[in-house]
Amino acid sequence: MNSPATTAVAHDHGHDESKFHIYVQIAMLLAVITGVEIIAIYLPFAKWMIVTGLVVLSTVKFMFVIFYFMHLRWDKPFCTILFFIGLVLAGGTMWALLQLFAVEASLPLPT
Amino acid sequence: MSSHAATIDHHHDPSTSTGIPNKKLLMWAFLASDCMFFGTLISTHLIYRLHPPAGGLRPVEVFDVALTSFSTFILLMSSLMMALAVNAIQKGNVKSCRWSLLTTILFGTIFLGCQVFEFNDFVVEKHMTLSNSLLGTTFYTLTGTHGTHVAIGVLWLGLMYVRSFKPTTTEGQNVWLTTLLHLVALFGAVLLALKVVLGLVWSIQGFEGHTLATFVSREFLPMAGLLICTGGLFWFGRARTPVDFTQHHAIDVESMGLYWHFVDIVWIVIFTAVYLLEYL
Amino acid sequence: MRFSSFLQPLARWSGRAGLALAGLALLPGCKFYDIWRMDGHQSTLVVDGPVARSQRDLFYVTCWVTLVIFILVGAVLAYATWKFKARNAADEHAEPPEQGHGNPLVEMGLIAGSVLALVIIAYPTLTSLWYTYDVPTEEKKDAYEITATGYQWWFKFEYPHEQINGAGALTASNELVIPAGRAVRVNLRTVDVIHSFWIPKLAGKVDMIPNRANFLWLKADQPGYFWGQCAEYCGDSHAVMRFRVVALGPKEFNEWLDSQLQGARSVAVKTAAAGQAKAQFAALRTFKTNEAGVTDKFEVAPLEAWRAKQFPEKNEDGALIAQGKALFTSKTCMACHTIRGHGAVGVTAPDLTHLGSRTTIAAGLLENNREQLQRWIHNPAAVKPGNKMAKGYIDNKISLTPEDEAALVAYLESLK
Amino acid sequence: MDALAKSDFHSKEESAPAKPFVLWRPTAKSGLIDWLTTVDHKKIGFLYGFFALIFFLVGGFEALLIRTQLMFPNSDVLTAQQYNRMFTMHGTTMIFLAVMPLGAAFFNIIMPLQIGARDVAFPRLNAFSLWTFCAGAIIVNIGWFLPSDRWGAPDAGWFGYSPLTSKGFNPAHATDFWIMGLQLLGVASIAAALNFIVTIINMRAPGMTMMRLPVFVWMTLITSFLIILSFPAITIALVELMMDRQFGTNFFEVSGGGMPILWQHLFWVFGHPEVYILILPAMGIVSEILPCFSRKPLYGYPIVVFSGASIGFLGFAVWSHHMFTTGLGAVATAAFALATMCIAVPTGVKIFNWIGTLWGGHLQMRTPMMFALGFIWMFMIGGFSGIMHSAAPADAQQQDSYFVVAHFHYVLIGGSIFALLAGIHYWFPLIFGKKVSEFWGKLSFWVIFIGFNTTFFPQHFLGLNGMPRRTFTYDPNMGWNTANFISTIGSYVLGVGMLIYFVVIVYTYLKGKRIGHDVWDGRTLEWSIPNPPPEYNFRVIPTVHARDAWWYEKHHKEEIAQEQAEHAKAEAAHGGIHMPFSSIYPFVASFGILIASIGITAFDSNPAPGIHWKLGLSLTGGIVMFIGIYLWSLEGNEGYHLHLDDESHAPETKPSAKPH
Ligand code: HEA
Ligand code: HEA
Ligand code: CUA
Ligand SMILES: [Cu+2]
């Protein structure tokens with residue numbers, strides 16, 4: 001039902017035609033990473049290595065989604081800044097909270 | 001704004017100071033806020049995981065990694081479809097956009113179905129409820145809140161999908177009724193499909209007296225309803241008058257997409273921090 | 001408005017006069033001097049222990065540093081306001097001054113100055129923090145341990161190292177007795193909501209938080225008598241959740257421990273004087289709501305008053321006491337209270353084994369004398385809003401005649 | 001309301017396209033329907049201010065009752081429970097229902113004018129924020145009017161520490177009202193803040209770069225960021241608490257392994273940024289007033305802006321300074337103590353720059369200036385007692401004593417309220433076209449100033465002398481009698497001062513003389529337009545050439561006139577001034593939320609009795625809300641165009657212009 005005027009696709013953006021493929025490729029990549037993560041938890045490596053690996057992999061997924069699916073890569077940097085203010089503060093708060101609850105003084109009473 | 005050229009630069013809106021469309025900016029600011037929202041919620045869960053009360057349930061005894069992996073995959077795919085929907089409408093391809101939206105709705109619903117199944121399984125089989133353990137408390141609240149976000153997303157997607165049929169001229173038509181019925185058909189189909197499929201799965205599993213034999217009688221009415229609703233979907237989805245849904249509305253789809261992707265990335269974090277880490 | 005231009009100077013002057021008056025009213029020499037005398041029972045400035053002293057000294061550091069800054073900045077501000085004020089209409093409408101925008105060097109200098117001031121505060125903050133946090137290593141060996149538990153709205157004190165055969169640790173309520181000159185480490189627990197344990201003259205507060213193993217340490221320089229208070233809002237009667245602390249020299253402390261380790265006292269029955277005393281009690285006056293529960297008695301020598309309480313009264317009425325003892329069981333008081341040796345083993349309420357030897361009842365609210373005891377058991381709800389004993393009265397359908405009250409009071413008083 | 005409604009409005013309007021009934025847009029320009037459906041940022045701001053001042057009086061009245069009870073030892077003006085309700089509601093009301101919405105009022109009215117915009121980015125969202133705020137305010141206060149055994153007003157303190165708020169210790173629905181009310185206020189604040197952020201980032205007039213924004217706009221922006229980033233924390237905390245109360249979860253339930261301390265962390269993660277939410281707008285206002293009455297630009301503008309941002313940022317890293325006595329461990333306590341001290345630096349920078357602004361100026365001692373100077377003095381004292389708190393070991397003696405009460409009233413009244421009162425005086429001529437008498441203004445300032453100091457200065461001594469806060473009574477032998485007495489007398493004086501202030505404001509509003517344009521010889525864009533501001537704000541969207549944009553315009557008249565004529569032509573060619581339609585749906589949605597929330601608060605963890613009406617109410621409300629939002633999205637963000645004629649008076653449709 002597209003009106004004829006709008007069928008002419010913009011040519012000033014080189015990325016436009018290829019986005020479809022980029023999206024599909026990224027989705028595949030994300031699926032693969034998820035698969036790797038699931039396998040990783042059963043691997044016989046040291047716990048810290050796996051944890052680090054998982055965190056890195058999730059971060060990679062996270063970044064792919066926000067920069068590609070959510071267009072940050074192609075948008076004005078201000079959007080990225082805006083979102084990262086929230087992300088960094090939330091991350092910092094989470095870190096601080098977990099740290100506060102990990103210290104000895106915060107252990108709950110033994111039951 | 002009537003004088004817009006045939007091509008729209010979707011990354012620049014000349015009417016704003018920064019060139020970023022207002023709605024996009026609003027959505028990003030909201031997502032920044034939502035980071036904090038889920039940040040505190042996930043913190044709560046992790047803090048209590050750090051100090052599980054003695055004798056409580058152990059997560060690995062409860063979780064089902066296969067199911068969760070499946071729903072994670074589904075949500076990722078829905079994100080892909082969402083991205084495609086945005087891409088399509090930006091090029092003015094309404095039809096393709098609609099199909100992508102529908103697929104996104106479908107995947108979102110499957111995800112929700114998985115969650116219903118999971119919760120049901122945890123409560124009935126694993127005896128973990130909201131109130132009988134700290135793990136249940138934080139787990140259900142966290143994943144439930146995420147699920148609510150998904151549900152709101154599905155609702156939004158559905159409204160957008162139906163909206164894409166809004167005719168350019170409303171003269172002499174009962175747009176009202178059509179829209180309402182269309183909505184009913186869509187969400188009727190979604191919910192009934194959910195019910196039927198869950199019923200089927202439970203029947204295969206032999207869960208709580210469900211059997212394949214009772215499946216048909218039990219789900220007869222819902223299936224009939226599903227049929228009707230699907231018919232309605234096709235009926236209302238037939239080609240009609242020109243619609244008021246073009247490239248210019250891409251920004252609406254796009255901000256909805258931002259929300260949807262965000263829900264996805266929250267799940268990426270939950271999947272790792274709440275599920276996978278337990279298995280180490 | 002026209003008349004306002006006439007009143008303008010008046011407004012200005014009334015403002016100044018008002019300021020001056022307010023200043024005068026606050027000056028020492030006026031009647032209001034007791035604001036400046038910072039030596040109340042809960043003063044944080046006139047203190048009696050090293051922990052509170054460290055905290056007070058830190059306070060003075062912050063106080064002086066900020067005072068100096070205030071005077072410097074305030075002087076400049078006052079000068080600027082005075083100097084650059086437009087004094088007349090011509091001045092007001094004069095060509096605007098040069099439109100400058102700031103000077104980075106000045107800014108940097110002031111920032112550096114502020115940072116320096118903060119360092120002056122931060123250093124003693126850190127040293128005091130580590131000192132006040134836990135008993136210093138060299139005193140650890142000698143430190144005395146006590147567990148304090150908050151209840152809505154009273155305190156229980158346990159002495160984990162003073163075990164009584166078969167009855168667990170020695171328990172006291174609402175009056176904490178500690179050894180003077182010795183570090184005391186108090187474990188802080190609560191059975192219900194958050195309370196906070198605060199004896200201003202000995203140490204700053206630390207909260208009693210459910211599911212959390214808090215503690216604090218304190219030390220009294222000298223034997224003495226101190227006022228304490230729950231400092232975290234904990235419901236209806238938070239305001240009257242108080243307690244007292246008695247610090248004793250080593251010898252006296254040990255004597256006190258010995259006496260406490262005994263069960264409750266029993267008084268021989270001498271029937272003679274019974275009726276007379278009863279009448280005397282029954283005639284006790286009624287109290288207004290919110291009437292103060294304390295007199296100025298302690299102001300002079302509270303510790304002496306406490307010491308006096310340790311010995312039985314001269315002419316006790318044995319019969320009345322026996323009657324009270326019986327009532328304590330029959331009126332189901334024992335369901336909640338413990339009186340060690342008299343068969344009462346309730347744990348939801350203050351231990352009354354040695355109630356008679358305390359200076360206050362109802363968590364530091366009322367002085368421990370006949371009148372107040374009767375006032376309390378007559379109608380606890382009127383004294384302490386929402387308290388659990390009043391609820392117990394209703395649940396257990398307890399009603400007391402004046403005679404009952406008299407007997408119970410006599411009995412409670414005899415529990416030395 | 002008159003003055004606002006009858007703004008200078010001479011124009012021809014285009015008629016709206018034909019629409020189905022439910023999507024018909026209201027067109028009333030005055031009367032109740034207008035107020036309920038308006039999307040005009042000035043009217044919305046006015047309503048915010050109006051409600052906020054009402055609640056300020058309510059909160060003040062509660063404060064006077066508190067002080068009356070404490071005037072003498074052992075008095076029984078109030079019962080313990082009444083007293084506890086009083087301070088809980090006083091704190092909650094003042095913070096969430098008075099100072100925050102008053103800030104929002106200024107954001108709404110002034111900010112768009114200062115950046116040269118015709119409205120906020122999402123006018124209907126703005127109306128939604130307002131009405132949701134009202135819903136929250138109603139729910140928080142509704143308990144006063146219900147029987148107090150099962151319902152009642154909240155009495156768990158303004159930070160509602162668990163487990164005192166759990167069902168076990170607080171079975172009445174009072175706490176549910178508090179939870180739900182705060183929840184709605186949070187939604188309203190976040191929605192409003194998002195709107196302001198987008199407006200400031202995206203709706204600036206040409207040439208209004210970020211570093212040309214008036215400081216008040218900067219502070220609005222930073223405050224809005226603080227709101228969207230801190231409110232989620234309390235939202236989660238409240239959700240968890242509500243789940244505990246209604247569905248028996250274990251978040252703060254000790255028997256199930258919950259840790260009540262978690263509530264404190266979540267609350268203060270919100271709570272500390274919240275206090276900067278209260279003070280930054282005030283600092284913004286003062287940063288506007290001082291330059292105006294010193295007839296000099298703000299000293300060190302970039303540094304003032306940057307320090308505001310760093311205060312906001314640091315504000316997220318210091319929350320545990322409210323928890324120094326909860327036994328965090330020495331390292332954590334030290335870290336938070338030091339972080340807290342750091343905030344003194346950017347705050348000090350602001351004070352220094354304000355003094356720098358005065359330096360060398362021609363200070364005009366008008367009422368707003370008096371309040372602004374009073375602000376500097378009082379805020380400094382409050383800030384210094386804040387620094388005393390930040391020395392953690394010393395705070396162990398001060399926490400929960402009247403020293404804290406003194407600290408936060410110095411920053412809240414001496415800070416926020418003084419600046420807000422200054423702002424009311426300052427912008428009153430702009431908003432209503434009338435000016436408050438200098439005499440009465442200054443008189444009220446002095447009475448307030450003296451009353452305030454007499455009330456709260458002695459409280460420092462009370463605190464150091466060991467008087468705990470939140471106590472409904474005290475014994476006469478503690479050495480607190482005199483200070484309490486003076487404090488109470490002071491609060492009456494303060495009350496009289498406030499009374500004078502508001503009576504004068506209302507009087508001026510009703511009876512005041514109209515005054516001319518730009519009374520203060522202002523510096524920023526809001527003074528460039530007629531007062532009261534026309535619906536469309538700017539006849540021509542200004543082009544900004546310098547930081548104090550209006551000041552620049554006044555000194556480059558010809559250049560600007562020429563430029564404006566061109567812009568006007570360009571705009572006319574574009575179809576005139578675009579104005580958004582009014583809409584009833586934000587109100588409908590908020591109303592639905594109100595109904596649903598009342599239903600939900602009535603749930604018990606054992607929902608047997610009366611479950612039907614509760615569920616029914618919640619569902620009805622939910623449906624109303626949904627319908628509201630759906631129709632809101634369907635009706636679209638359309639508007640109409642205004643065509644101003646050349647001189648913006650004598651339009652064809654309304655031949656006789658109103659005389660002024
Ligand atoms: C408007 C609100 C506001 C503001 C701006 C502040 C500002 C500050 N506050 Fe305050 N605060 C509250 C509102 C506010 N506060 C409230 C409501 C509570 C109590 C909540 C409750 O319990 O109910 C509270 C409680 C509170 C506590 C907890 C007390 C306790 O309960 O134990 C602490 C502890 O550190 C604290 C510290 C500070 C500090 C360091 C600042 C700093 O930002 C102040 C900085 C300013 C200055 C220092 C003055 C100017 C600076 C200079 C002239 C430069 C040079 C100065 C130096 C180098 C020192 N505040
Ligand atoms: C912005 C916030 C704000 C403001 C403006 C105020 C304003 C005032 N506050 Fe408030 N206060 C808080 C925030 C605020 N307060 C908070 C957060 C708490 C902690 C609550 C808690 O512990 O949970 C608190 C607690 C608090 C207490 C401690 C209670 C306790 O711990 O037991 C006291 C006691 O004096 C007090 C007094 C006052 C007074 C006298 C005013 C005055 O400034 C009020 C002035 C205003 C008026 C007087 C109203 C105007 C005039 C009229 C209504 C006309 C009628 C009057 C006359 C004719 C006289 N406040
Ligand atoms: Cu216990 Cu306050
Ligand atoms: Cu703070």
Side-chain angles (χ1 to χ4, degrees), chain B residues 1-3 13 15-30 32-41 43-44 47-48 51-56 129-138 140-141 144-145 155-156 159-160 163 166 170-171 173-176 179 183 244 252, chain D residues 17-23 115 121-122 125 190-191 193-195 197-206 208-210 224-225 227-237 239-240 243-244 247-251 253 255-259 262 265-266 269-270 574-575 578 605 626 630 633-634:
Chain B
M1 319 269 134
S2 50
S3 61
D13 177 347
S15 67
T16 66
S17 316
T18 51
I20 305 167
N22 283 348
K23 283 182 184 166
K24 190 187 271 187
L25 206 57
L26 179 80
M27 195 39 87
W28 276 114
F30 170 73
S33 170
D34 231 21
C35 279
M36 210 56 197
F37 185 88
F38 278 107
T40 25
L41 200 49
S43 300
T44 305
I47 284 168
Y48 282 132
H51 304 301
T129 67
L130 249 186
S131 50
N132 77 354
S133 67
L134 202 48
L135 180 66
T137 293
T138 59
Y140 288 122
T141 310
T145 308
L155 191 66
W156 191 355
L159 295 177
M160 186 65 77
R163 196 225 164 283
K166 185 179 172 195
T170 51
E171 219 93 338
Q173 299 181 41
N174 221 339
V175 181
W176 255 116
T179 310
L183 270 176
D244 177 24
D252 294 337
Chain D
K19 285 226 167 189
F21 170 69
V22 277
L23 298 184
I115 63 173
F122 300 94
L125 185 62
I190 291 182
L194 290 171
N195 210 343
I197 291 177
V198 178
T199 308
I200 297 175
I201 302 291
N202 257 357
M203 311 277 287
R204 284 166 287 136
M208 180 62 90
T209 58
M210 292 306 272
S224 301
F225 268 105
I227 290 177
I228 65 165
L229 296 172
S230 68
F231 265 89
I234 194 179
T235 306
I236 289 298
V239 165
E240 292 176 353
M243 300 273 291
D244 272 6
F247 305 113
T249 53
N250 298 308
F251 286 109
E253 205 52 61
S255 57
M259 292 188 265
L262 179 63
H265 282 292
L266 296 186
V269 164
F270 149 79
H574 261 88
H578 178 86
S605 45
F626 182 77
Y630 188 51
S633 67
L634 272 194

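Here is the naming used below: chain letters follow the sequence lines, and residue numbers restart at 1 for every chain.
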**Student:** Report the distance from atom CD1 of D:Ile197 to atom CG of B:Leu25, rounding to the nearest 0.5 Å.
**Tutor:** 8.0 Å
**Student:** Which atoms of B:Leu41 come close to chain D, meaning under 4.5 Å heavy atom to heavy atom: side chain ones, backbone ones, both, or neither?
**Tutor:** both
**Student:** Is D:Leu125 close to chain B through its backbone or its side chain, or both, or neither, when contacts mean heavy atoms under 4.5 Å?
**Tutor:** side chain
**Student:** If you round to the nearest 0.5 Å, how far is CD of D:Glu240 from OG1 of B:Thr40?
**Tutor:** 8.0 Å
**Student:** Could you measure the distance from the OG atom of B:Ser17 to the CE atom of D:Met208? Nearest 0.5 Å is fine.
**Tutor:** 10.0 Å
**Student:** Is D:Leu266 in contact with chain B via its backbone, its side chain, both, or neither, using a 4.5 Å heavy-atom distance?
**Tutor:** side chain
**Student:** Can you tell me if B:Tyr48 uses its side chain to pair, donor with acceptor, with the backbone of D:Met259 under 3.5 Å?
**Tutor:** yes
**Student:** State whether the side chain of B:Asn22 and the backbone N or O of D:Val198 hold a donor-acceptor pair below 3.5 Å, judged by distance alone.
**Tutor:** no
**Student:** Identify which part of B:Leu183 has an atom lying under 4.5 Å from any heavy atom of chain D, answering side chain, backbone, both or neither.
**Tutor:** side chain
**Student:** Which atoms of D:Ile201 are under 4.5 Å from chain B, going by heavy atoms: the side chain, the backbone, both sets, or neither?
**Tutor:** both
**Student:** Could you tell me the separation between the NZ atom of B:Lys23 and the CZ atom of D:Phe122, rounded to the nearest 0.5 Å?
**Tutor:** 7.0 Å
**Student:** Between B:Phe30 and D:Leu194, which heavy-atom pair has the shortest distance, and what is it?
**Tutor:** N-CD2, 3.5 Å
**Student:** Given that the side chain runs from C-beta out, which part of B:Asn132 has a heavy atom under 4.5 Å from chain D: side chain, backbone, both or neither?
**Tutor:** backbone
**Student:** Counting only heavy atoms closer than 4.5 Å, note whether D:Phe270 contacts chain B via side chain, backbone, both or neither.
**Tutor:** neither
**Student:** Is it true that a side-chain atom of B:Thr137 and a backbone atom of D:Asn250 form a donor plus acceptor pair closer than 3.5 Å?
**Tutor:** yes
**Student:** Check each atom of D:Met203 against the heavy atoms of chain B and say whether the ones under 4.5 Å are side chain, backbone, both or neither.
**Tutor:** both
**Student:** For chain D, find which of B:Asp252, B:Leu134, B:Thr179 contributes the most heavy-atom pairs closer than 4.5 angstrom.
**Tutor:** B:Leu134
**Student:** Taking side chain as everything from C-beta outward and backbone as N, CA, C, O, which of these in B:Ser43 sits under 4.5 Å from a heavy atom of chain D? Side chain, backbone, both or neither.
**Tutor:** neither
**Student:** Verify, without hydrogens or angle tests, whether D:Thr249 (side chain) and B:Ser131 (backbone) share a donor-acceptor contact under 3.5 angstrom.
**Tutor:** no
**Student:** Quick one: OH on D:Tyr630 to CZ on B:Arg163, what's the gap to the nearest 0.5 Å?
**Tutor:** 9.0 Å
**Student:** Nearest 0.5 Å please: distance from the CD1 atom of D:Ile190 over to the CZ atom of B:Phe37.
**Tutor:** 8.5 Å
